[in-house]
Amino acid sequence: MSIPSRVKLVDVGPRDGLQNEKQPVPAAVKIELVHRLQEAGLKEIEVTSYVSPKWVPQMADNAEVMAGIVRRPGVRYSVLTPNMKGLEAALSAPRELWPDEIVVFGAASEAFSQKNINCSIAESIERFAPVAEAARAQGIHVRGAMSCTVGCPYEGEIAPERVAYLAGLMKGIGVQHVGVADTIGVGTPVKVRKAIEATLQHFAIDDVSGHFHDTYGQAVSNTLAALSLGVWQFDTSVAGLGGCPYAKGATGNVATEDVVYMLQGMGIETGIDLDKLIDAGQFISDHLGRPTQSRVAKALLTKRASASACEAV
Ligand code: HMG
Ligand code: MG
């Protein structure tokens, strides 16, 4: 399989990135972040989640955020819905505020499934089935996130057979696309490749994406490993924001800036303006009061600062 010539990045920063923040981030800031990401050329943005506000308080303003976004034609807005209650909440808004895509999220690890969504893998599939069916009946695309496909904070290493099992269950309930997630960022290229190959037993390459957290600094390498299998869709997070509330110590997704830089260097088309993306990352990092986690953004911001210092003299 040759390396794809075009890649679609889904910025999951507003959801995966911000869900773990202890201090409430105002809805207006989340909305501005989405606007800046679409201005930078992102064609898919994971905006929020319709989960229990007791479990993830940061996402309690889901409806306000969805209502506040000025949508751009050609951009897909997705939200997480773990059950019918979540889907019904997302669809209780006027139709123009509905998400274009919903995400059901399961795990290849039993223990993580219990910690994250309070049920077994089998029970989660029973809950997702009517969600997928109802969403598709309304013309809403259904994505499945598969957590802990290489390692789990509670069970350790995860065998590819368990990924294949979950992918088969997702396919069986009408999920149209799956994300192979390294939730805690422990994966290395060969392990990630095996998890993707296991997924490909049930889904076509065009219906599979990579979702790599960068805890151990492996996410760019893992992205390259997935690219070499022909995967051309990846979840990334502006400024490397994030972490999962149920995966202690795990850091954010690979920074969108870092992946864009790598892809540009390889001559792969993303449609993303790296300068505008860095500005979006700076906007949210300033709000959170800490530096960006993106190595590329740090390097290019330093370059910008020294260029403007030279101009000033
Ligand atoms: P539960 O307690 O088993 O559900 O939670 P329940 O049906 O027994 O309901 C308990 C309470 O939650 C009730 O409220 C329900 O109304 C309410 P109460 O009567 O106590 O006031 N409830 C809801 N409220 C709002 N929206 C809903 C909803 N459902 C029930 N949809 C549940 C089950 C899944 C809801 C819960 O475990 C939950 O919200 N978990 C949060 C999971 C989460 O958001 N995790 C982070 C996202 S996953 C992730 O980051 C990984 C990913 O990025 C990929 C990767 O990296 O691996 C996707
Ligand atoms: Mg994640």
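Order of appearance sets the numbers: ligands from 1, and atoms from 1 within every ligand.
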Heteroatom proximity flag, V51 to ligand 1, N/O under 3.5 Å: yes
Would the distance check show the side chain of H213 and the main-chain N or O of A250 forming a donor-acceptor pair, the cut-off being under 3.5 Å? no
Test your reading of the model: is there a side-chain donor-acceptor pair from R136 to the backbone of G174, 3.5 Å cut-off? yes
Residue part near ligand 1, for [X], under 4.0 Å between non-hydrogen atoms:
| X | answer |
| --- | --- |
| E123 | neither |
| K54 | side chain |
| H211 | side chain |
| T183 | both |

Could you list the atoms of ligand 1 found under 4.0 angstrom from a heavy atom of [X]?
| X | value |
| --- | --- |
| G86 | 31 (N) |
| P53 | 24 (N), 25 (C) |
| A181 | 54 (C), 55 (C), 56 (O), 57 (O) |
| S147 | 51 (C), 54 (C), 55 (C), 57 (O) |
| V56 | 41 (C), 43 (C), 44 (O) |
| D16 | 50 (O), 53 (O) |
| N83 | 27 (C), 28 (C), 29 (N), 30 (C), 31 (N), 35 (C) |
| A145 | 58 (C) |

Within a radius of less than 6.0 Å around CZ of R295, do more than 12 heavy atoms belonging to other residues, nucleotides or ligands occur? no
May I ask you to check whether over 12 heavy atoms, not counting those of F283, lie within 6.0 Å of atom CZ? yes
Single-linkage hydrophobic cluster I196~V175, side-chain heavy atoms < 4.5 angstrom: yes
Under 3.5 Å, is there a donor on one side chain and an acceptor on the other for S285 and R290? no
Taking atom types as modelled, is there a side-chain donor on T236 or N253 under 3.5 Å from an acceptor on the other? no
As an exercise, state the distance from OG of S308 to NZ of K303, rounded to the nearest 0.5 Å. 13.0 Å
Interatomic distance, NZ@K8 vs CD1@I272, rounded to 0.5 Å, equals 11.0 Å
Are E96 and R71 ion-paired here, with the side-chain N under 4.0 Å from a carboxylate O? no
Got a salt bridge between D207 and K171, using NZ or NE/NH1/NH2 to carboxylate O under 4.0 Å? no
Measure the distances from the heavy atoms of M146 to every atom of ligand 1 and state whether one is below 4.0 angstrom. no
Looking at non-hydrogen atoms alone, which of [options] comes nearest to [atom]?
| atom | options | value |
| --- | --- | --- |
| atom 23 (C) of ligand 1 | K85, H213, R143 | K85 |
| atom 46 (C) of ligand 1 | Q58, Q19, K115 | Q19 |
| atom 42 (C) of ligand 1 | V180, I184, N116 | N116 |

Is any side-chain heavy atom of F112 closer than 4.5 Å to a side-chain heavy atom of I184? no
Near the Mg ion (ligand 2), meaning under 2.8 Å, the protein N/O/S atoms are D16 OD2, H211 NE2, H213 NE2
Run the numbers on F203 and H177 for side-chain contact (heavy atoms from CB on, under 4.5 Å), then give the verdict. CA-CA 7 Å; F203 284 86; H177 177 113; 5.9 Å; no
Cation-pi check, K115 to Y154: give yes when NZ or CZ is under 6.0 Å from the six-membered ring centre and within 45° of the ring axis, no otherwise. yes
